[in-house]
Amino acid sequence: MNTFPTYTNGLNPQQREAVLTVEGPVMVLAGAGSGKTRVITHRIVHLIVQGVAPHNILAVTFTNKAAKEMRERVQTLLAEHASASRAAMDSLPVVTTFHSLGVRLLREFHHAMNLRRQFVIYDRSDSQKAVKQAIEKANYNPKEFEPRKILSLISRAKGDAITQLEYSDRANSYLEQVVAEVWEKYDAELAQQHALDFDDLLAKTLRLLQNNQAIREQLQQRYKYIHVDEYQDTNRVQFSIVELLTGEAKNICVVGDIDQNIYSWRGADIKNVLQFERHFPDTTTILLEENYRSTKTIIAVSNEVIAKNQNRVEKTVFTNNQDGEKIKLYAAMTGGDEASYVARTAESLIADGADPSSIAVLYRTNFQSRALEEAFLTQNVPYQLLGTKFFERKEVKDVLSYLRLALNPDSTADLTRIINTPARGIGKVTMLKVVEGKRGELNVGALAKVKVFDEIMMDIAKTAKEKHLSDTIKFIMKRSGLENTLKEERTEEAMERLENLRELVTLASRYNELPPEEAVEQLLESAALQSDQDEIKNKEELNAVRLMTVHAAKGLEFPYVFITGLEEGLFPHERLDDARIDHEEERRLFYVALTRAEKKVWLTYAHMRTIFGSQRINVPSSFLNDISTEHVENDTPGGGYSSGYETTVYLD
């Protein structure tokens with residue numbers, strides 16, 4: 001009789017195989033809700049109990065939320081099985097996101113990359129402003145070449161592991177030549193500011209590993225066992241980083257689901273899964289097909305939908321859960337009618353005892369949220385829209401700019417943001433002379449105002465090096481004048497902004513146990529790398545219905561899920577560059593939406609919808625034709641139901 005370690009109790013045979021197979025390359029193809037995080041955490045604990053030093057284990061995922069959850073699960077398991085290994089008490093494995101790993105390595109080996117340890121991380125907004133300046137410096141018109149689009153093209157190229165020089169050499173079209181020129185100016189601007197953008201955190205990490213054999217070998221010795229979660233979402237740069245970190249032993253375990261590859265527009269490369277065995281010969285491939293999340297009905301429907309895709313690894317997800325209720329289908333007359341139905345149904349669920357936060361309303365594109373918000377307000381149903389992230393609020397960014405400038409006095413982007421925030425009478429001309437290092441040309445009055453600002457920054461820099469981070473944030477609020485300015489406004493908006501700054505102090509207190517400068521680094525890193533899902537996590541105490549795009553919902557689960565806007569041209573989306581490949585991705589997106597649900601799913605569409613000011617008559621989504629009628633019942637405005645999808649539309 002086989003005896004397995006106690007920490008594998010409760011795992012099914014396939015999960016146990018994935019946990020116990022630790023030597024050589026392993027690919028775990030995990031269906032939705034099949035316990036893939038459980039596999040990774042138990043695998044890490046197994047390695048430690050077997051005597052592997054925790055610091056020799058690396059696990060990489062995509063969101064701070066997922067990394068935090070994984071770390072907590074590992075710590076809980078280690079606490080239960082710590083007696084089996086003293087090493088478990090001494091250190092912990094590195095569980096992090098790709099971008100945080102990049103920050104960690106670039107700070108550690110900053111000299112090799114000619115970087116300051118305290119480099120600035122540009123968020124999307126900072127990058128867009130810098131690209132706009134680069135467009136102007138390259139003598140192009142930002143109105144003709146939209147900064148956001150140019151940044152997107154640069155970002156995609158960096159994600160594909162293409163350098164600026166390589167891109168320039170390959171540039172064929174006029175647009176590509178413009179992008180190459182702007183990219184050169186943009187990189188120069190970043191270098192001058194001692195800044196890296198999101199894509200640089202990965203691209204420069206890859207260069208570090210490619211160009212420094214000693215560092216590469218040092219890291220291969222450090223990270224002897226590597227795990228990658230959500231492997232189907234990796235792009236070329238991420239794959240290359242992982243490949244270079246994997247030493248001769250090839251002890252790498254990747255976990256993913258090809259049916260949830262929905263980020264090709266961000267550069268996620270489905271070939272990383274399809275060709276894994278070619279890159280890592282002698283791979284052990286394990287299928288996790290048992291779903292622990294959803295009902296049999298939801299699983300049957302999602303299997304029917306995804307089976308139509310050709311570009312996938314064959315697997316059939318199953319569950320031992322109950323059959324559950326049929327899928328509800330509602331054909332609305334208009335988009336407003338659809339939104340009203342969703343809000344009323346959510347209200348009814350809540351009246352029957354469901355927590356508002358157990359309900360998610362998903363949509364394909366952001367514009368759909370407006371009608372839904374209106375309906376939820378009308379019905380007085382509490383909701384949370386995935387909107388402006390905490391760290392993107394102006395007042396929060398202002399305080400973080402003070403903090404960044406205190407650490408990096410050469411950060412022009414931060415200097416220009418706050419030198420006159422709040423107002424100090426420092427105009428654009430004065431600011432320009434300060435930036436250009438021409439203070440000698442300032443008149444006495446202007447110079448006096450700049451000196452006041454300099455003194456503020458010196459005081460903040462001193463405090464940041466000596467005090468707890470939460471005290472430093474409080475000090476910045478007072479010393480900068482931001483707190484008094486908001487108090488004096490006495491408006492509701494000003495009070496809300498002040499409350500946001502107080503929330504920042506609360507957040508900063510989490511880092512108070514760290515040395516002051518390290519605490520500042522951690523907070524700034526966390527702010528720069530915050531994701532949409534992390535924003536949900538930060539607000540989980542808000543008991544409200546979640547309204548979000550399907551993309552934002554990936555990795556989450558809810559008892560009750562509404563999938564709205566199921567019309568041809570909307571979901572699947574009509575802006576398709578390659579009909580076959582993109583239709584498959586749209587189908588994967590629908591599969592992801594379905595598999596977020598635990599108990600029940602509602603599918604809705606509108607016969608008529610106003611889009612960009614014009615009313616459009618719609619055909620129901622072709623995805624609905626993939627679902628057997630036995631799994632579906634039509635909901636009617638009166639609350640009854642019928643089987644099948646027939647609906648008659650009468651138009652004058």
Side-chain angles (χ1 to χ4, degrees), residues 4-5 7-8 14-30 36 39-61 67 70 74 77-78 84-88 90-98 101-102 104-105 108-109 161 202 205-232 234 236-256 271-288:
F4 297 107
Y7 48 82
T8 65
Q14 292 75 27
Q15 290 174 328
R16 186 180 289 117
E17 182 188 0
V19 167
L20 299 180
T21 308
V22 294
E23 300 302 323
V26 177
M27 179 164 66
V28 181
L29 296 177
K36 61 185 178 58
V39 164
I40 295 175
T41 53
H42 280 71
R43 197 174 191 273
I44 290 170
V45 170
H46 174 64
L47 284 166
I48 293 171
V49 171
Q50 293 303 304
V52 176
H55 64 263
N56 288 146
I57 301 169
L58 171 67
V60 192
T61 187
M70 203 180 290
V74 168
L77 281 168
L78 284 176
S85 171
R86 275 198 57 78
D90 299 332
S91 62
L92 286 169
V94 176
V95 182
T96 186
T97 65
F98 272 103
L101 177 65
R104 178 190 291 248
L105 297 181
E108 182 177 354
F109 300 107
L202 301 179
T205 299
L206 177 58
R207 303 285 172 259
L208 173 73
L209 296 170
Q210 286 174 329
N211 301 333
N212 298 274
Q213 183 180 348
I215 291 173
R216 183 171 67 248
E217 289 174 353
Q218 180 184 339
L219 291 172
Q220 286 171 349
Q221 283 301 306
R222 179 187 299 174
Y223 302 130
K224 292 179 179 177
Y225 292 87
I226 295 175
H227 305 75
V228 184
D229 189 20
E230 302 287 7
Y231 185 67
Q232 77 282 347
T234 53
R236 169 54 55 182
V237 164
Q238 288 158 338
F239 166 78
S240 300
I241 289 170
V242 168
E243 189 177 39
L244 288 171
L245 284 174
T246 306
E248 288 182 16
K250 305 292 183 194
N251 292 329
I252 177 170
C253 173
V254 301
V255 182
K271 294 197 292 291
N272 290 348
V273 173
L274 295 173
Q275 298 177 2
F276 184 82
E277 291 161 320
R278 200 179 82 190
H279 289 286
F280 296 97
D282 303 319
T283 290
T284 301
T285 300
I286 301 166
L287 298 182
L288 300 186

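Quick note: numbers below take in every heavy atom, side chains included, and nothing from hydrogens, waters or symmetry partners. Counting from 1, the numbers follow the sequence of the chain as shown. Keep in mind it's a predicted model, so treat the numbers as computed, not measured.
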Trainee: Less than 4.5 Å apart, side chain to side chain, heavy atoms only: is that true for Gln218 and Phe109?
Mentor: yes

Trainee: What I'd like to find out is whether the side chain of Val94 reaches to under 4.5 Å of the side chain of Arg222, using heavy atoms alone.
Mentor: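 No, side chains not in contact.
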
Trainee: Determine whether Val52 and Lys224 make a side-chain contact, defined as any pair of heavy atoms from C-beta on separated by less than 4.5 Å.
Mentor: no

Trainee: Between His55 and Pro93, is there a donor-acceptor pair closer than 3.5 Å when you use the side chain of the first and the backbone of the second?
Mentor: no

Trainee: For residues Arg43 and Ala18, report the shortest heavy-atom separation together with the two atoms involved.
Mentor: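 Nearest pair, atom of Arg43 first, then Ala18: NE-O, 3.0 Å.
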
Trainee: Before you tell me yes or no, could you show the steps for Ile40 and Thr61 under side chain to side chain contact (heavy atoms under 4.5 Å, CB included), namely the whole-Å CA-CA distance, both residues' side-chain angles and the distance that decides it to 0.1 Å?
Mentor: CA-CA 11 Å; Ile40 295 175; Thr61 187; over 6 Å; no

Trainee: So, does Arg216 use its side chain to make a donor-acceptor pair with the main chain of Leu208 at under 3.5 Å?
Mentor: no

Trainee: To the nearest 0.5 Å, how far apart are NE2 in His42 and CG in Leu47?
Mentor: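 Rounded to the nearest 0.5 Å, the NE2-CG separation comes to 13.0 Å.
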
Trainee: Once you round to the nearest 0.5 Å, how far does CG of Leu105 lie from CG of Leu202?
Mentor: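 One gets 10.5 Å once the value is rounded to the nearest 0.5 Å.
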
Trainee: Looking at side-chain heavy atoms only, is the closest gap between Met70 and Asp229 below 4.5 Å?
Mentor: yes

Trainee: Compare all side-chain heavy atoms of Ile252 with those of Phe276 and state whether any distance is below 4.5 angstrom.
Mentor: yes

Trainee: To the nearest 0.5 Å, tell me how far Leu209 CG sits from Glu243 CD.
Mentor: 11.5 Å

Trainee: Does any part of the side chain of Val242, heavy atoms only, come nearer than 4.5 Å to the side chain of Phe98, both counted from C-beta?
Mentor: yes

Trainee: Are the side chain of Asn56 and the backbone N or O of Tyr223 linked by a donor-acceptor pair below 3.5 Å?
Mentor: no

Trainee: Is there side-chain contact between Leu58 and Leu101, with heavy atoms separated by less than 4.5 Å?
Mentor: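 Leu58 reaches Leu101 side chain to side chain.
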
Trainee: Set out, in order, the CA-CA distance, both residues' side-chain angles and the distance that settles side chain to side chain contact (heavy atoms under 4.5 Å, CB included) for Val228 and Gln238, then state yes or no.
Mentor: CA-CA 10 Å; Val228 184; Gln238 288 158 338; over 6 Å; no

Trainee: Would you check, one step at a time, whether the test side chain to side chain contact (heavy atoms under 4.5 Å, CB included) holds for Thr285 with Glu277?
Mentor: CA-CA 9 Å; Thr285 300; Glu277 291 161 320; 2.7 Å; yes

Trainee: Can you name the nearest heavy-atom pair linking Thr97 to Val60, along with the distance?
Mentor: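 So the minimum-distance heavy-atom pair works out to C-CG1, 3.7 Å.
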
Trainee: For the residue pair Val19 and His46, what are the closest heavy atoms and their distance?
Mentor: O-CD2, 3.5 Å

Trainee: What's the spacing between Thr205 OG1 and Arg104 CZ if we round to 0.5 Å?
Mentor: 12.0 Å

Trainee: Could you report the tightest heavy-atom contact between Val28 and Cys253, atom names first, then the distance?
Mentor: CG2-SG, 4.2 Å

Trainee: To check you understand the geometry: which heavy-atom pair defines the closest contact between Lys250 and Thr246, and what is its length?
Mentor: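 Looks like CA-CG2, 3.3 Å.
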
Trainee: How long is the span from the CG atom in Leu29 to the CD atom in Gln14, to the nearest 0.5 Å?
Mentor: 12.5 Å

Trainee: Look up atom CZ in Arg207 and atom CD1 in Ile241, then write down how far apart they are to the nearest 0.5 Å.
Mentor: 9.5 Å

Trainee: Looking only at non-hydrogen atoms, find the nearest pair between Val273 and Met27 and report the distance.
Mentor: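 Distance-wise, the nearest heavy atoms are O-SD, 3.8 Å.
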
Trainee: Under the criterion side-chain hydrogen bond (donor to acceptor under 3.5 Å, both in side chains), I'd like the reasoning laid out for Gln232 against Glu230: C-alpha separation, chi angles, the key distance, then a yes or no.
Mentor: CA-CA 5 Å; Gln232 77 282 347; Glu230 302 287 7; 2.8 Å; yes

Trainee: Check whether any side-chain heavy atom of His227 lies under 4.5 Å from a side-chain heavy atom of Ile57, and answer yes or no.
Mentor: yes

Trainee: Does atom CD of Glu23 have more than 12 heavy-atom neighbours from other groups under 6.0 Å away?
Mentor: yes

